[in-house]
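To keep things clear, I will list the structure first and then write my remarks on it.
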Amino acid sequence: MRQRGLSKKQFADALGRRPSEITKWLSGQHNFTIATLAMLSAFFGQPIVTVK
């Protein structure tokens, strides 16, 4: 998010989420679903989880 220069609101808008949800994600207290991790991986073009 920072590397792309996105604010929480811009990031939320790009993902179709509310800024309050992004705040929860960034707090470190949120449990992500596999679907959310896949969406974030696609958005950033980077693997989020690697299974070996």
Side-chain angles (χ1 to χ4, degrees):
M1 201 175 98
R2 288 183 187 136
Q3 287 179 346
R4 290 192 179 191
L6 297 173
S7 68
K8 278 191 267 187
K9 175 152 180 25
Q10 291 169 323
F11 186 50
D13 289 345
L15 296 175
R17 304 292 176 129
R18 295 181 313 275
S20 61
E21 186 172 1
I22 304 304
T23 299
K24 288 178 187 176
W25 292 358
L26 296 174
S27 75
Q29 300 298 316
H30 182 79
N31 291 319
F32 291 95
T33 64
I34 292 173
T36 301
L37 291 173
M39 176 187 58
L40 291 171
S41 179
F43 180 80
F44 288 114
Q46 298 287 327
I48 302 274
V49 176
T50 303
V51 179
K52 293 184 179 187

*Stepwise side-chain contact (heavy atoms from CB on, under 4.5 Å) check, Arg17 with Thr36*: CA-CA 11 Å; Arg17 304 292 176 129; Thr36 301; 4.1 Å; yes
*Identify whether Ile34 and Phe44 are in the same connected component of the hydrophobic contact network (ILVMFWY, side-chain heavy atoms under 4.5 Å).*
no
_Gln10 vs Met1, side-chain contact (heavy atoms from CB on, under 4.5 Å): CA-CA, chis, key distance, verdict_ = CA-CA 9 Å; Gln10 291 169 323; Met1 201 175 98; over 6 Å; no
_Looking at Arg4, I want to see if its CZ is surrounded by more than 12 non-hydrogen atoms of other residues, nucleotides or ligands under 6.0 Å._
yes
*Check step by step if side-chain contact (heavy atoms from CB on, under 4.5 Å) holds for Leu15 and Trp25.*
CA-CA 13 Å; Leu15 296 175; Trp25 292 358; 3.8 Å; yes
*If you look at every heavy atom in Pro47 and Ser41, which pair is closest and at what distance?*
CA-OG, 3.7 Å
*Please report the closest heavy-atom contact between Ala12 and Pro19, naming both atoms and the distance.*
CB-N, 3.6 Å
_Just verifying a value: how many Å separate Arg18 CZ and Ile22 CD1, rounded to the nearest 0.5 Å?_
9.5 Å
